[in-house]
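Report on one structure; see the data block that follows.
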Amino acid sequence: MKVTWPHLGHSDIVLKSLFRDLGVDMVIAPPNNKHSLTLGVKHSPEFVCLPFKLTLGNMIEGLELGGDTIIMAAGSGLCRFGYYAKVQERILRDLGYEFDMVTTALFESKIVGVARLVKRLSGGAPLSKVIAAIRLGLAKLSAMDDIERAVHRVRAIEINKGIATKLFQEAINAIDYASDMSGLKKAKMDYIAQLNDVAVDTKIDPLKVGVMGEFYVVLEPFANMDVEIELGKLGVEVKRSLFVSHWTKFSLFLNAFGVTEKEKTHRAAMPYLKRDVGGDGWESVGEVVLHAHSYNGLVHLSPFTCMPEIIAQNIMPSIKADIPVLTLISDEQMGRAGMLTRLEAFVDLLHRRRSASLAGALG
Amino acid sequence: MTKVGIPRALLYYQFYPMWRTFFSHLGADVVVSAPTTKSVITTGSSRVVSETCLPVKVFCGHVRSLVGQCDYVFIPSVCSLEKGSHNCSKFMGLPDVIKAVVPNCPPILDPDIDLAKGKRGFYLALYHLSRPFTWNPLKVKAASEAAWQSHLTYRDLMHNQGLVPLQALAQMGLEPEPDFHEPGPATMTIAVIGHPYVLFDEYINHKLIRRLQGMGVRVVTAEMAGEEDLALSLKKLAGRAYWTFEDEIVGAGGHYLERNVDGIISVVAFGCGPDSLMIDLLQRQARKVPTKAYMSLTIDEHTAEAGLVTRLEAYVDMIRRRKNSV
């Protein structure tokens, strides 16, 4: 058995570590690129959203490289996402591939379900070993996210542009390499220290821009054309509340005890959107209200035809809070130049707004 | 008397008799917006972001036309109608979107219909919904029971007597009789698959069904199949339902692929999230049945009538030739 899976940002590292520890064979599809997108688009229904196309592309590449077991999240996420696996499996079978599709309903089965699944894939490894492997995997996830937060901060004000991004890449490799908790902790400390030592211009007070929207396009840099790196190059500090580690922490563990991380965001959205509309639509509306005073602007990311984000987009203009929102929609037609122009214009606008309001405050 | 407005769009085609009975029993006057026109679509699409699907734009236009005509508009947030399946986000967020985009909108009656969460919540939602009209829970109960009865009658007219929604509504005296062509000497049978709000809003689909009937086609739709048959085909084709209205598309498609029809036409609104995947399942299944000609039509607010007519004519000609050559 050789497992393969579709990508989502840096979360590959987790599955890699998990299966390595348990001695499960795996095939890692190449990271998202033009070719996987083209493959996905070719075999997907025309109007389906971008994450479907990209994940299908990953699956095809994984199967071509010899994978025979696909791991995919499923269950009712209240949007199309929960239906992906069913249709993707049908498409792949029609293409003539032979494989097993292992789906896991993350929202419903929680950590117990995940542990059971991993145990099954590993061919019945002892539970203690499974738990240790999952623990290391999740620790890697949260280490990466901690480092990424530091990267966001440094990237905006570093003197030599590009160092933070390069360090982040190295850090991911080091975390991938770490084989136990102590090695991981050391790697994390090391890179946080290195990031803190990067030469920065302390005189700059960078604009703070929140990045929010649909889960997949926010977390997968290929799907948003590295919007965070580009914002960093423009001297903007990116603020993001969506992290995979944060999400797993709650959806795998804490939600079972009735603790939800998003309550604050939902409460903020209440006057405009009273209910969950699936996906991340409710959160997108809430973030606009919540951060109106703490951030200078927001970049809202959404795949083309995403239902929950269309709802959010329709509601946003009616929000009384005064904060500019730039919506960027991703699909297979996206082009970097167009996005850069829009980002530059947006950042210019934010700069002017800030100086105008500062001038106003000074009288 | 208090007037409650019901937009003639989206779930109107499935639930209007029920809603009307409910509000009349509570002593309210029910006002329905006029059928869709060009200006309804134009006002609707000018209010929402362009990516929004056509049915929601049309809905928005209908609500706009109700402004000033009624004291309340009824826009339920329909989340689920049974355990395990969910509705499209656009149905769930509909009242909130309308509140945000329609200026001077009358107060919205927006009960949360989430039957997956059990009956208690549903009863509370009904009681809450009735509060502007009555405080008496017994009155609400009587109104709900009457509403359910009229819904059963409506469904019976469709599923057991083979009427389309417009004919069934006419039969119940809620709409003028639609002047459908007498499906006289039909030379072929075609199943038209799509959501009722796409198939039975004659303006947005350019009188698709009537045109087909004019060409000597007997048209069958999901409504004319028995409910159990639909559920059975759905189970066979896609397993457990994920979407609330999956039986209308995947179920009906699978059902007619196994019946004596000459072709299947699926009609989808551009940008429809659930349909983008459901129609794909259906299309894949249809490819395995070469004796049934399958055509997929996508409509949006720009659809030119001539293009649609040409495709229908070519399609019907093709089937006719195929039948003659056999």
Could you tell me whether the side chain of [Y] reaches within less than 4.5 Å of the side chain of [X], counting heavy atoms only?
X: M307(A); Y: P274(B); answer: yes
X: D114(B); Y: R275(A); answer: no
X: V101(B); Y: S318(A); answer: no

Is it the case that more than 12 heavy atoms not belonging to [X] sit under 6.0 Å from its [atom1] atom?
X: K288(B); atom1: NZ; result: yes
X: K235(B); atom1: NZ; result: no
X: R64(B); atom1: CZ; result: no
X: E46(A); atom1: CD; result: no
X: R93(A); atom1: CZ; result: yes

For a quick test of reading the model, state the closest non-hydrogen atom pair linking S89(B) to I311(A) and the distance between them.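 Nearest heavy atoms, S89(B) then I311(A): O-CD1, 3.8 Å.
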Least distance between heavy atoms, N314(A) atom then A100(B) atom: O-CB, 4.1 Å
Please enumerate all residues that pass salt bridge (Lys or Arg N to Asp or Glu O under 4.0 Å) together with K99(B), with sequence neighbours excluded. none
Contacting moiety of D110(B), where chain A heavy atoms sit under 4.5 Å: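 Its backbone and side chain both get close to chain A.
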Under 4.5 Å heavy-atom distance to chain B, tell me which part of F52(A) shows up: side chain, backbone, both or neither. side chain
Using non-hydrogen atoms and a 4.5 Å limit, figure out which bit of C306(A) sits close to chain B: side chain, backbone, both or neither.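 It is the backbone, since no side chain atom gets that close.
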Counting distance only, does the side-chain N/O of T305(A) pair as donor-acceptor with the main-chain N or O of G271(B) below 3.5 Å?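 Checked: no pair found.
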Quick test of your reading of the model: are R287(B) and D94(A) salt-bridged, counting only N-O distances below 4.0 Å?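 Answer for the salt bridge query: no.
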Rounded to the nearest 0.5 Å, what separation is found between the [atom1] atom of [X] and the [atom2] atom of [Y]?
X: I91(A); Y: R284(B); atom1: CD1; atom2: CZ; result: 4.5 Å
X: Q283(B); Y: R90(A); atom1: CD; atom2: CZ; result: 13.0 Å
X: W243(B); Y: R80(A); atom1: CH2; atom2: CZ; result: 7.0 Å

Between L277(B), I279(B), T52(B), D280(B), who has the most heavy-atom pairs with chain A when the cutoff is under 4.5 Å?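 Highest number of pairs under 4.5 Å: L277(B).
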In terms of relative ring orientation, are F47(A) and F270(B) parallel, tilted or perpendicular, with 30° and 60° separating the classes?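 Ring orientation, 0 to 90° scale: perpendicular.
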The criterion is side-chain contact (heavy atoms from CB on, under 4.5 Å); which residues satisfy it with L349(A), sequence neighbours excluded? P324(A), R353(A)
Test side chain to side chain contact (heavy atoms under 4.5 Å, CB included) applied to D96(B) and K274(A), step by step: CA-CA 7 Å; D96(B) 304 275; K274(A) 283 197 273 186; 3.8 Å; yes
